[in-house]
Amino acid sequence: MLFLGTAAAECYPNPFCECPACREARRSSDRRLKRRRSSFLFSETTMIDFNADSMYACGEFGVSLSRLNYVLLTHIHEDHFDYFNAAFPSMAVTPPRPITFFASPAACKGMKGILEAAVKLPHRQLVRQLAEMASISSFTALPAYEATQIGDMRITPVVANHAGFFEDELGYNYIIEKDGRTTFYATDTGRFFNRTMQFLAGRPVHTLIIEGSFGKFQLPPDSGHLNAYSLCETLDQLFAQDTLGPESRVFVTHIGHKGAFNLTDYQSFLDARYAGQVQVAWDGLRI
Ligand SMILES: [Zn+2]
Ligand SMILES: [Zn+2]
Ligand SMILES: [Zn+2]
């Protein structure tokens with residue numbers, strides 16, 4: 001498994017920003033401080049989220065997407081999904097594989113609505129390209145809190161406290177069971193809904209990947225994101241209800257410059273609480 005990107009929406013550094021965190025990341029020769037928008041390669045057939053940065057990250061980290069079949073979309077925000085990436089498989093010299101985008105019913109309905117409207121526009125090049133993309137990719141809605149067998153994985157989406165672009169769209173976080181191991185990818189989340197927390201109770205997770213978007217930045221309690229403090233509260237609850245145990249590994253992703261935590265400081269903050277069990281991820285980290 002590979003982190004293709006670990007930044008919040010604007011990249012880290014935000015190219016438009018002159019805050020100390022952005023300036024430090026920009027000046028540094030440590031590539032771990034330079035974060036692309038978040039996406040995650042689960043296996044050669046499956047990735048989670050698919051943004052513009054994912055394309056370049058594949059080259060940088062030596063990844064081929066020629067066997068990609070499944071993309072689990074957390075939600076429709078510009079940092080998590082760029083549908084126009086679906087134009088590129090058919091430009092490959094080798095034969096493309098069909099790609100299924102799995103998402104919530106609201107995300108699928110919203111995307112279908114946009115695409116149905118777009119193909120009626122008088123822009124022939126755009127309409128041609130959309131038709132080509134539709135010929136090799138499709139959207140499938142998954143039910144929340146129910147397991148669906150996809151290839152050799154059992155996928156169970158849980159609902160995140162994070163609204164996407166579309167009316168009534170709430171993000172999905174994904175529990176992926178494969179080969180007796182359970183991975184839970186949770187960004188973007190906000191503070192977990194009670195139903196989601198209860199659903200996770202007593203379900204052991206071997207590998208948790210969770211957002212830590214806002215670091216030291218103060219957030220309102222109803223924010224659709226976590227900062228370092230609400231992240232710790234969430235982790236503590238997951239440990240207390242045995243979703244996480246002593247053998248679990250936790251990785252923090254979707255990190256933004258506003259948190260004003262560089263990699264070292266964020267890691268020290270977490271080490272003081274979790275003694276090395278929780279690791280701040282970076283682009284290119286394989287787990
Ligand atoms: Zn995001
Ligand atoms: Zn900044
Ligand atoms: Zn989002």
Legend entry - Donor-acceptor contact below 3.5 Å, side chain S248 vs main chain V205: yes

Legend entry - For F40, all residues meeting ring pair (Phe, Tyr, Trp, His ring centres under 6.0 Å), sequence neighbours excluded: F3, Y185

Legend entry - Connected via hydrophobic side-chain network under 4.5 Å: L219 and F269: no

Legend entry - Over 12 foreign heavy atoms within 6.0 Å of CZ, R31: no

Legend entry - Test item: F16 and C22 side chains (from C-beta on) under 4.5 Å apart, heavy atoms: no

Inset, instruction - Flag the pair F101 / F81 as yes when their ring centroid distance falls below 6.0 Å, and as no otherwise. - result: yes

Legend entry - Minimum side-chain heavy-atom gap Q279-R249 below 4.5 Å: no

Inset, instruction - Please work out whether the ring planes of F214 and F217 are parallel, tilted or perpendicular, with thresholds of 30° and 60°. - result: tilted

Legend entry - salt bridge (Lys or Arg N to Asp or Glu O under 4.0 Å) partner of R36, chosen from D283, D49, D53: D283

Legend entry - Check: M133 and L130 side chains under 4.5 Å, non-hydrogen atoms: yes

Legend entry - R32 bridged to D30 by N-O distance under 4.0 Å: yes

Legend entry - Shortest non-hydrogen separation from I136 to P89 and the atoms involved: CD1-CB, 3.3 Å

Legend entry - E169 and H75: side chain donor to acceptor below 3.5 Å: no

Legend entry - Pair H162-N173, side-chain donor/acceptor within less than 3.5 Å: no

Legend entry - Joint hydrophobic cluster, Y70 plus L65, side-chain heavy atoms closer than 4.5 Å: no

Inset, instruction - Name the orientation class of the two ring planes belonging to H254 and H80 (parallel below 30°, tilted from 30 to 60°, perpendicular beyond 60°). - result: parallel

Inset, instruction - Taking atom CD of E247 as the centre, report whether more than 12 heavy atoms of other residues, nucleotides or ligands fall under 6.0 Å from it. - result: no

Inset, instruction - Please check if the distance between the ring centroids of F192 and F199 is under 6.0 Å. - result: no

Legend entry - Donor + acceptor pair across side chains of R191, N161 (<3.5 Å): no

Inset, instruction - Check whether any side-chain heavy atom of Q277 sits under 4.5 Å from a side-chain heavy atom of F239, and report yes or no. - result: yes

Legend entry - Exercise: do S268 and D271 side chains pair donor with acceptor under 3.5 Å: no

Inset, instruction - State, yes or no, whether a side-chain contact exists between R35 and C11 at a heavy-atom distance under 4.5 Å. - result: no

Legend entry - Note, F184 side chain near R203 side chain (heavy atom, < 4.5 Å): no

